[in-house]
Amino acid sequence: MTHNLLKGKRGIIFGALNEDSIAWKVAVKAAEEGASIALSNTPMALRMGTVEELGKKLGAPVIAADATSVEDLEKVFSEAVEKLGGKIDFVLHAIGMSPNVRKHRTYDDLDYNYLQKTLDISAISFHKMLQVAKKQDAIAEYGSVVALTYVASQRTFYGYNDMADAKSMLESIARSFGYIYGREKHVRINTISQSPTATTAGKGIKELSNMMDFADKMSPLGNATADDCADYCVMMFSDFTRKVTMQNLFHDGGFSSMGMSLRAMNQYAKDMEPYKDSEGKIIYG
């Protein structure tokens with residue numbers, strides 16, 4: 001059921017790769033709610049994924065861009081404004097990747113060149129995106145910008161590694177830029193802290209399935225799905241949230257407010273043996 005919440009609005013969705021992507025589902029939901037959108041991802045992601053198919057399905061232009069490149073971002077915003085016929089009303093930043101995670105480097109043995117890439121791709125790209133949009137005056141008054149984050153920005157989760165540092169920076173950027181952009185242009189900037197979700201990027205996190213199971217057992221409402229997140233993003237893009245800015249909004253079924261649920265307590269009590277790796281070494285994770 002649609003409500004035309006975004007009728008007449010224009011948006012840019014960064015980060016859609018395939019049907020497992022939260023950004024993909026946000027794009028579909030935004031179009032269903034009446035928005036005209038443009039899609040953007042890296043040239044490699046466009047080759048690997050099926051974004052071109054989504055673009056054809058939604059009648060959305062697909063603009064190849066590396067979100068760590070200011071020049072590429074300048075092209076995305078200028079082309080989107082031209083092709084969509086006016087200033088942008090909403091933007092989704094759904095970009096994150098850690099070479100350290102992919103290479104299975106532990107947090108106490110990081111490759112610092114990889115760390116710089118993690119921060120640039122997953123957080124600094126958000127600042128570049130906002131700075132480019134502001135300098136071009138590409139976002140309409142009371143426009144909405146949302147970035148996806150995770151509770152590991154504030155708490156330690158085994159296996160999330162340097163992505164936790166990147167998400168902390170991402171949330172800080174939303175607050176700092178949210179003040180400036182809100183004061184000068186009434187553009188609102190928020191982050192949504194989503195439940196662990198089995199996206200293509202998420203599957204690279206060590207023990208993701210166990211993390212999802214634990215969160216589901218802890219959350220009184222259960223994990224929020226990618227489809228649920230798409231609904232929440234649409235609400236944040238809509239005019240119903242015109243006074244919400246600089247917030248980190250938890251969308252996790254209540255997980256972030258829990259200490260220990262009965263189900264998780266019972267599950268934990270069943271196995272108190274130390275966790276060991278394949279060589280029998282105890283891992284204090």
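These numbers come from the heavy atoms of this one structure, side chains and all, not from hydrogens, waters or symmetry mates.
- Ring planes of Phe157 and Tyr150: tilted class, angle from 30 to 60°.
- Listed for the Lys75 side chain is a donor-acceptor partner under 3.5 Å among the backbone atoms of Ala64.
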Next item on the list: Mind running side-chain contact (heavy atoms from CB on, under 4.5 Å) on Val145 and Tyr181 for me, showing each step along the way?
Entry: CA-CA 10 Å; Val145 182; Tyr181 223 155; 5.5 Å; no

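- Both Leu39 and Phe237 are part of a single hydrophobic cluster, where members link through side-chain heavy atoms under 4.5 Å apart.
- Pairing each heavy atom of Met236 with each of Ser144, the nearest pair is O-OG, 2.8 Å.
- Between Ile95 and Met129, the closest side-chain pair of non-hydrogen atoms falls below 4.5 Å.
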So Leu92 and Leu148, side-chain contact (heavy atoms from CB on, under 4.5 Å) or not? Walk me through it. CA-CA 8 Å; Leu92 177 70; Leu148 300 183; 4.2 Å; yes

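- The backbone N or O of Gly143 sits nowhere less than 3.5 Å from a side-chain atom of Asp89 that would complete a donor-acceptor pair.
- Defined by atom type and a distance below 3.5 Å, a donor-acceptor pair is missing between the side-chain atoms of Arg175 and Tyr179.
- Between Asp162 and Ser98, the side chains place a donor N or O and an acceptor N or O closer than 3.5 Å (distance only, hydrogens not considered).
- Checking side-chain atoms of Ser40 against main-chain N and O of Ile12 turns up no donor-acceptor pair under 3.5 Å.
- Within a 6.0 Å radius of NZ in Lys185, no more than 12 heavy atoms belonging to other residues, nucleotides or ligands are found.
- Under a 3.5 Å cut-off, the side chain of Asp120 and the backbone N or O of Thr68 do not form any donor-acceptor pair.
- Separation of atoms OG1 (Thr42) and CE (Met97) is listed at 9.0 Å; rounding is to 0.5 Å.
- A heavy-atom distance below 4.5 Å is not found between the side chains of Met211 and Tyr158.
- Of all the heavy atoms in Val132 and Val70, the pair that sits closest is CG2-CG1, 3.8 Å.
- Annotation: the span from Ser122 atom OG to Met169 atom CE amounts to 10.5 Å, rounded to 0.5 Å.
- Leu119 has its side chain within reach of Leu115: a pair of non-hydrogen atoms, C-beta onward, lies under 4.5 Å apart.
- No side-chain heavy atom of Thr118 sits under 4.5 Å from any side-chain heavy atom of Asp165.
- When the side chains of ILVMFWY residues are joined at heavy-atom separations under 4.5 Å, either directly or via intervening members, Leu6 and Trp24 end up in a single hydrophobic cluster.
- Annotation: the span from Asn113 atom CG to Asp111 atom CG amounts to 5.0 Å, rounded to 0.5 Å.
- Separation of atoms CG (Leu17) and CE (Met44) is listed at 11.5 Å; rounding is to 0.5 Å.
- Judged by distance alone, the side chain of Glu33 and the main-chain N or O of Leu5 form a donor-acceptor pair under 3.5 Å.
- The local environment of NZ in Lys57 is sparse, with at most 12 non-hydrogen atoms from other residues, nucleotides or ligands closer than 6.0 Å.
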For a side-chain contact (heavy atoms from CB on, under 4.5 Å) check, start with the C-alpha distance between Lys9 and Asp239, then their side-chain angles and the critical distance, and finish with the verdict. CA-CA 10 Å; Lys9 293 188 180 296; Asp239 290 336; 3.0 Å; yes

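- Within the model, atoms CG of Leu73 and CZ of Phe14 stand 5.5 Å from one another, a figure rounded to the nearest 0.5 Å.
- Following chains of ILVMFWY side-chain contacts shorter than 4.5 Å, one cannot reach Leu58 starting from Val91, and the two form parts of different hydrophobic clusters.
- Neither Met246 nor Phe177 shares a network with the other; the hydrophobic side chains, linked directly or stepwise wherever heavy atoms of I, L, V, M, F, W or Y lie under 4.5 Å apart, form separate groups for each.
- The heavy-atom pair separating Val146 from Cys233 by the smallest distance is CG1-SG, 4.4 Å.
- Heavy atoms of other residues, nucleotides or ligands lying less than 6.0 angstrom from OH of Tyr142 number more than 12.
- Looking only at distances, a side-chain donor or acceptor of Ser261 sits under 3.5 Å from a matching main-chain atom of Lys217.
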- Task: Any chance you could lay out the side-chain contact (heavy atoms from CB on, under 4.5 Å) test for Asp231 and Met235, step after step, and finish with the verdict?
- Result: CA-CA 6 Å; Asp231 289 336; Met235 184 195 71; over 6 Å; no

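- In this structure, the side chains of Asp72 and Ile63 stay at 4.5 Å or more apart for every pair of heavy atoms.
- Two residues are said to be in side-chain contact when any heavy atoms from C-beta on lie closer than 4.5 Å; Ile189 and Phe126 meet this criterion.
- Heavy atoms only, all atoms of each residue included: Ala226 and Thr197 are closest at CB-CG2, 4.1 Å.
- Listed for the Asn161 side chain is a donor-acceptor partner under 3.5 Å among the backbone atoms of Arg105.
- Here Lys29 does not pair with Asp227 in a salt bridge; the nearest charged N to carboxylate O distance is not below 4.0 Å.
- In this structure, NZ in Lys56 is found 11.5 Å from OG1 in Thr50, a value given to the nearest 0.5 Å.
- Between the side chain of Ser193 and the main chain of Phe250, no donor-acceptor pair closer than 3.5 Å is present.
- By the 4.5 Å heavy-atom criterion applied to side chains, Ile13 and Phe90 are counted as neighbours.
- In summary, the side chains of Thr191 and Asn248 do present a donor paired with an acceptor at a separation below 3.5 Å, with no hydrogens or angles considered.
- Nearest heavy-atom pair across Thr225 and Gln194 is O-NE2, 3.3 Å.
- Side-chain atoms of Ser195 and Asp216, non-hydrogen and from C-beta on, never get closer than 4.5 Å to each other.
- Here the side chain of Gln116 pairs no donor or acceptor atom with the backbone of Tyr114 at under 3.5 angstrom.
- Residues Cys229 and Ile192 come closest through the heavy atom pair SG-CG2, 4.4 Å.
- A chain of hydrophobic side-chain contacts below 4.5 Å, direct or via other Ile, Leu, Val, Met, Phe, Trp or Tyr residues, connects Leu249 to Phe240.
- Side-chain atoms of Ser219 never come within 3.5 Å of backbone atoms of Gly254 as a donor-acceptor pair (strictly under, hydrogens ignored).
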